[in-house]
Amino acid sequence: MPSAHVHERAGDLLRRRLQTCAAGEEEAPALSPPHSPRSRRRTLTPPLNLDAAMPHFAAAAATATEAAAPDASEAEPPCDPETLARWYQQEALERALAGNTLAFLETGSGKTLIAVLLLRAYAHRIRSTQPPSFAVFLVPTVVLVGQQARVVQAHTDLRVAQFYGAMGVDFWDRDTWRARVDGAEVLVMTPQILLDNLRRSYFRLGDIPLLIFDECHNAVGDSPYASLLKEFYHPQLNSRPSDPIPRIFGMTASLINSKGLQRAKYSEKISELENLMHAKVYTVDSESALSQYIPFAETNTVEYNDSIITSVLYSHIVHCLNKLETKHLEILKGKLHVSSLEHEKRIKRLSAMFLYCISDLGVWSAAKAAEVLLSCKESCLSFWGEQLDEKVERLVRNYIEDDFAADLQDGLLTSKVHVLIEYLLKSRDKKDLRCIVFVNRVITSIVLESLLSTINPMSGWSIRHMAGKNSGLNHQSRNAHMEIIDSFREGKVNLIIATQILEEGLDVPSCNLVIRFDPSATVCSFIQGDANALSKTQEFLASGQIMREESLKLASINSQPLPNTLCKGECYVVQSTGAVVTLNSSVPLIYFFCSKLPSDEYFKPLPIFKIDKALGACTLHLPKSSPVQIVYAEGEIPVIKKVVCLKACQELHAIGALTDHLLPELSVPCEDEPDIVVDKYMEHPDYFPEQLVDNWLSFSRLGLYHCYKISLEGCCETTSPDEIVLAVKCDMGSDFLSNSFKLWGVKDYVNVTMRYVGIIHLNQEQVIAAIRFQTKILSLLIRNDHLEVEDSIKDLLGMQVCPGVYLLLPIVSGKIDWCSIYLSASPILEKGTRHCHSCKDIDLLQTKDGPFCQCTLQNSIVCTPHNGTFYVVSGFLDLNVNSLLHRSDGSVVSYKDHFKDRHGLNLTCEDLPLLAASKLVKVQNFLQKRNYNEVKESTNAVELPPELCRVVMSPVSANTLRSFTFIPSIMYRIQCLLLSVKLKIQLGPRMQQFEMPALKILEALTTKKCHEEFNQESLETLGDSFLKYITTQHLFSKYKHQHEGMLTKMKKNLISNAALCQLACSNNLVGYIRGEIFNPETWIIPGVGNDTDDCSKIFILSPNMYSLGNLSIKSKRIADSIEALIGAYLSASGELAAYLFLKSLGMDIVLHEMPVERKITFKSEEFINLRSLELTLDYRFKDHSLLLEALTHGSYQIAGTTACYQGLCHKAPAFHPVSGTRWGFLLLHRLEFLGDGVLDYIFTYYFYREYCECTPQLLSDLRSASVNNSCYAHAAVKAGLHKHILHSSSALHKRMVDYLDKFEQSFSGPSHGWEPGIGLPKVLGDVIESIAGAIYIDSSHDKDVVWRSMKRLLEPLVTPDTLVVDPVTELQELCARKAYRVEYAVTHENSVPSVVAEVQTKGTTYKATRTGLTKLDAKKLAAKAVLQDMKSADGT
């Protein structure tokens, strides 16, 4: 083999370098693989024993602590860095304090310490300046942000904040930034973040006293460093030199970031950097000045053969690769249209990547690259075919690493990889090996990790790769990088294969072997790698000294400001904010704008540039969902894309698509406030109707009272309960002329009818007697207490305004039973009440309170003091105390003995008959709907000796007593109805024109938690659909320049629970809502209470508004009630009433007229089969372009077609600016958004009317089964609409074809439910919605026309009998009923989700795993499988 230097003298060799730096081993001999006709030397540097010289790697973040002692091997506590600064650091600091300075020093020499000292020197200025004022520390990479922030925090008392892209800073507005930097004194960030903030005018350059550039050699070309200086620093320096401007301090280990530079150019490049940064370089005279602080290593070279070995396998693979590329490019030309350019680039990029792997790494690596791309969702499976060539596959899978020479000969490995493996194997016995291999490509790092991990002699090593972002390849997060480095530091990782991400200043721990697998691209790259590797090669050895010498020569020449860095016409400034977009930032801004337009998994919106070099012009085509579609500009070809993007930015800002800070409009208009925040629970007054509020004294003197007869029918008793008259102070309104409702808890139910019977005259004596009567009977029934009644009536007439002021008068035989009222109201102990005057046979019975006649005791309410129980006496028995009692334990004793044994009572009246009595029934909530068998009634019959009884109230007929048990429930319902009437009046005169039953309003205000015969849920479902519909058409018409995504966000904010809750609160509607079950025990008994009783307190909110206190209710329940009220007005009085209800609440929505005039210059039939589609839809379009738009997917970027169904309402330029060709006026619509709202409403309204008696849950299930994307998608395929969709997405085409081929469905069955369309692309469902929106507009908003057409597509419609419940819901309900536990676990294999559903029952586990295209699909399929297993086990 010829010697290396002979080949170098030939001067015509292609050379590649493999650099290594080894510590603690002898110089390795030159490696020369067999069969190497052409070779080149590579350098290795092992002679210097770094293990003894330096115990750890000197990285930027450690420099401050490294300076703590001259001997770096000594571990001492960190000290004040200012006292430990070296002489050159002190000099650099003095220079930096005097003026802008660039510190050019070796990595490890302590540049970061200089920055820390400078920050400390500027601390007073930062703190003494009016906020905002902060220093900014710029670093070139994200991983350096945290590292440098920690250094500043450790060695200063300054408050440090750090920022990087993953924090979402791109989307922060001005207020967010102000909040984030508030109180911070040093901001550590990447330069693009600062540049963006200056461009958006969030920051001002004058707010930054000190600006530090880490790795300042990156300030070249249009980099963020350079753009920041050119766009802001120099323009301010030239135009406003007196304004505050930052002090600049730069740090670098290499002033030049170029390759192949001649010495004569060094001075020129350094001068350019100094002028750009308006600073002077500080450096030392020579490397020797730093040698006592920084150890240096030597380099070594290794030869390898860089020729391509022509083997049969290699030739075959390359041939197949070229053939596949040609094949797929041909297929692409036949299938795709405008977007094929990107696909073509992608295919060529893949081909080039595989060719690189084959040529530079070997066939094995190429196959491994294909595997990696497949796992990253890169479309190379179709590129390679279903599988690799069998020969390649076999050889690759059976690769045996032991015979490297054979693998080299076969082409599985290249000589370069072979040399790397051999060198690493020689180092495998090295103790505590820590090695870094530098490569240039991400794919190289990935495949080398996989290759080296398969070699048996390296099996004990932990090998990881580190790389930045790369399209289609594994993306490692910042945390993943830090985890790898920490593991490397701890010795858990032995070998890192890294790209340039490790080259610049990253805090990498010590290593004893560093290999540069690929050559350094630039001097800077070499030096940075050298700092981490502590190695040099001959080519770059002299570069550092040359830069030092040239910098010193320029030391006496002042740097000059750069003139005209931002010329007029090269930027666009928003006058109101100062935000600016330049030629350099225009293209990224356009791409950023496009990324915020509507997209899906099959289409990512991108700009398309059409450059005419002959005309020097460029036409920019923005996505069809953009408000500006076509922009034309002329200019110089090298910058023409920037020129046309700058013009597009101006136009987008002019129409509001870009904000005044030149960001995509991501927020909703201010009138639709998106940031409404409400508490989960809210406290609001609990309203009480004014008709039932008064002062008892005033009420008793009214004289005239309005009367309503309350009749109860259908009671289970043998005789119907008596009627009761409700007497109130005023007419309660037309809603109470005739009203009825049901009470539950008895056999069947009791029907309550209210009827106005006129005005009655009562004197004060009658009123007081009636008060006593109703107070006594209700207190006994509700609270089993009569003492409270006697106490409260004494002060009743002296009370102030109180609730529950009305009379309840029993009716017997059609007349008010004044006899019972007076008798029951009189004190029992008065002699005149102990017997009936009409009774001829006075037969007195001895009671606890003395003798009473039987007529008085009949139907009286008595109390037995020994047990405190109340009883109703129904008659007299032919038994006395000596009669026998059969007790429950089977024993038989006399009543006398029984009371003696059980209660210690001695009965003396042996001849008196026992009383037939039953326990007084306590009232209950008869509004609560329940079956009679749920109410366990018993007679509670007892026999009572009269001498044990104390008469409490006498007499009261059984029917009257029974009637009054219903009174609390009846009066509570009346109270709620009165509030419903009040709400109608409160809504204003406009709402009075509609007939709205108070009971319907009450239904809307009654939550499910009340457990009554009706609740708001059905009305809520109906109101929700109408609310979505009305806001959809409002937003669609009003905001013509907003795309579907933004409209959806605006609608969500407009009708969110928070927004509706706020409307309810601002209109004082919350107090009307009934959120709790009625409790009779807390009901206010009319006439009972005093000023200290919380239950009877009344609060006056306004002259006609009263409250019993506060109620706590969930904010969601409040929002639900608003939707239910919408549904109530809609169902009772129509759409206009529901719309005006929303307007009365203050919702700013308008019934806009949809735009119908559309001037279209192209023919829709050239793109779609118009006649066939109209037959399918049973509708003939007046405007054919609407149907074309509805069928156009966003990926269909053909110039001249209509908008996509997600597009914008917009007028494109009428004529091409140069050719004069007419583009036509395009009125672009967001049809999917509109159609979704229309379909949801018309289906919900249909089910509500068709199945009016169905439960709220059934209504919701019917709606969900019909209004969902799977249902729509199935209907679209069933009707063949998928064949008419215009798109340019191969992924969408493949998804549809694969599904149809796999399932081979005829699609003739019903579309409703969750299962028919499962797995179909969402795009198909979107098309149904878009067509509905198109018909809605074309038919002049006729929903009946939309219904007829959509019903045709979606028939047969779901019915209660054909409804299939979602299996996830069904399984959840089943497990809840039986107290089973259900769990779901999600896994992914090749990005395909699988869900495991598991149910734990008593002794049995049911488990099923299913795979779906989405996680939700897989979950439903798994739940269905478990349900089937459980039902089979139960035999159902």
Side-chain angles (χ1 to χ4, degrees), residues 929 931 1008-1009 1011 1015-1018 1020-1022 1024-1025 1116 1120 1240 1243-1244 1246-1248 1250-1251 1253-1275 1303 1305 1309-1320 1322 1325 1354 1356-1387 1393-1436:
K929 187 174 182 180
N931 296 327
K1008 184 180 180 180
K1009 198 173 180 180
H1011 300 289
N1015 63 61
Q1016 63 187 200
E1017 288 191 331
S1018 292
E1020 176 199 340
T1021 301
L1022 181 63
D1024 172 68
S1025 66
K1116 184 183 183 306
D1120 292 344
D1240 185 276
F1243 268 98
T1244 305
Y1246 165 76
F1247 288 124
Y1248 183 84
E1250 186 71 13
Y1251 306 105
E1253 297 298 325
C1254 73
T1255 64
Q1257 184 60 53
L1258 178 58
L1259 176 63
S1260 179
D1261 290 341
L1262 291 171
R1263 174 196 190 187
S1264 300
S1266 302
V1267 183
N1268 66 77
N1269 198 269
S1270 294
C1271 173
Y1272 294 160
H1274 183 273
F1303 292 96
Q1305 295 187 25
S1311 297
H1312 58 77
W1314 65 273
E1315 197 166 14
I1318 193 170
L1320 282 172
K1322 180 180 179 296
L1354 295 165
L1357 300 180
V1358 66
T1359 68
D1361 295 331
T1362 60
L1363 176 67
V1364 178
V1365 181
D1366 181 303
V1368 175
T1369 303
E1370 184 180 357
L1371 182 60
Q1372 194 69 39
E1373 292 175 351
L1374 174 64
C1375 292
R1377 287 197 306 270
K1378 298 191 175 184
Y1380 296 159
R1381 188 177 67 178
V1382 57
E1383 293 180 347
Y1384 296 94
V1386 183
T1387 59
S1394 294
V1395 173
V1396 180
E1398 183 176 342
V1399 174
Q1400 299 279 352
T1401 67
K1402 296 178 181 178
T1404 307
T1405 299
Y1406 297 92
K1407 191 174 183 180
T1409 303
R1410 292 296 183 271
T1411 300
L1413 291 174
T1414 66
K1415 183 174 70 175
L1416 182 58
D1417 290 347
K1419 183 178 181 179
K1420 290 179 179 179
L1421 292 171
K1424 178 185 177 182
V1426 169
L1427 274 171
Q1428 290 175 339
D1429 293 343
M1430 294 177 71
K1431 290 177 180 179
S1432 298
D1434 292 341
T1436 58

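When a residue number appears, it is its place in the shown sequence, counting from 1.
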Is any side-chain heavy atom of [X] less than 4.5 Å from a side-chain heavy atom of [Y]?
| X | Y | value |
| --- | --- | --- |
| Leu1371 | Met1430 | yes |
| Leu1354 | Tyr1272 | yes |
| Arg1410 | Val1395 | no |
| Leu1427 | Tyr1406 | no |
| Gln1372 | Val1382 | yes |
| Leu1259 | Tyr1248 | yes |
| Cys1375 | Val1399 | yes |

Does one side chain, of Asp1417 or Thr1414, offer a donor that lies under 3.5 Å from an acceptor on the other?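 On atom types as modelled, these side chains qualify, holding a pair under 3.5 Å.
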Establish, from distance only, whether the side-chain atoms of Thr1409 and Ser1394 form a donor-acceptor pair under 3.5 Å.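 Distance-only check fails for Thr1409 and Ser1394.
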Any donor-acceptor N/O pair, Thr1405 side chain to Thr1401 backbone, under 3.5 Å: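 Side chain of Thr1405 to backbone of Thr1401, a donor-acceptor pair under 3.5 Å: no, none is there.
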Can you name the closest pair of heavy atoms from [X] and [Y] and give their distance?
| X | Y | answer |
| --- | --- | --- |
| Ser1018 | Cys1254 | OG-O, 4.5 Å |
| Pro1393 | Ala1418 | O-CB, 4.0 Å |
| Ser1311 | Pro1316 | O-CG, 3.8 Å |
| Val1358 | Ser1266 | CG1-OG, 3.1 Å |
| Gln1016 | Asp1120 | OE1-CB, 3.6 Å |

Can we say Arg1263 and Asp1240 salt-bridge, meaning some charged N sits less than 4.0 Å from an Asp/Glu carboxylate O?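 Yes.
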Excluding sequence neighbours, so at least two apart, what forms side-chain hydrogen bond (donor to acceptor under 3.5 Å, both in side chains) with Thr1362?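 Only Thr1359 meet the side-chain hydrogen bond (donor to acceptor under 3.5 Å, both in side chains) criterion with Thr1362.
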For Glu1370, side-chain hydrogen bond (donor to acceptor under 3.5 Å, both in side chains) partners two or more places apart: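 For Glu1370, the residues satisfying side-chain hydrogen bond (donor to acceptor under 3.5 Å, both in side chains) (neighbours in sequence not counted) are Lys1431.
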Starting at [atom1] of [X], measure out to [atom2] of [Y] and round the result to the nearest 0.5 Å.
| X | Y | atom1 | atom2 | result |
| --- | --- | --- | --- | --- |
| Lys1402 | Lys1378 | NZ | NZ | 10.0 Å |
| His1312 | Leu1363 | NE2 | CG | 8.5 Å |
| Ser1264 | Asp1366 | OG | CG | 8.5 Å |
| Thr1244 | Leu1262 | OG1 | CG | 10.0 Å |
| Glu1398 | Arg1381 | CD | CZ | 7.5 Å |
| Leu1258 | Thr1021 | CG | OG1 | 11.0 Å |

Has Gln1400 got more than 12 heavy atoms of other residues, nucleotides or ligands less than 6.0 Å from its CD?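 Buried by this count: over 12 neighbours within 6.0 Å.
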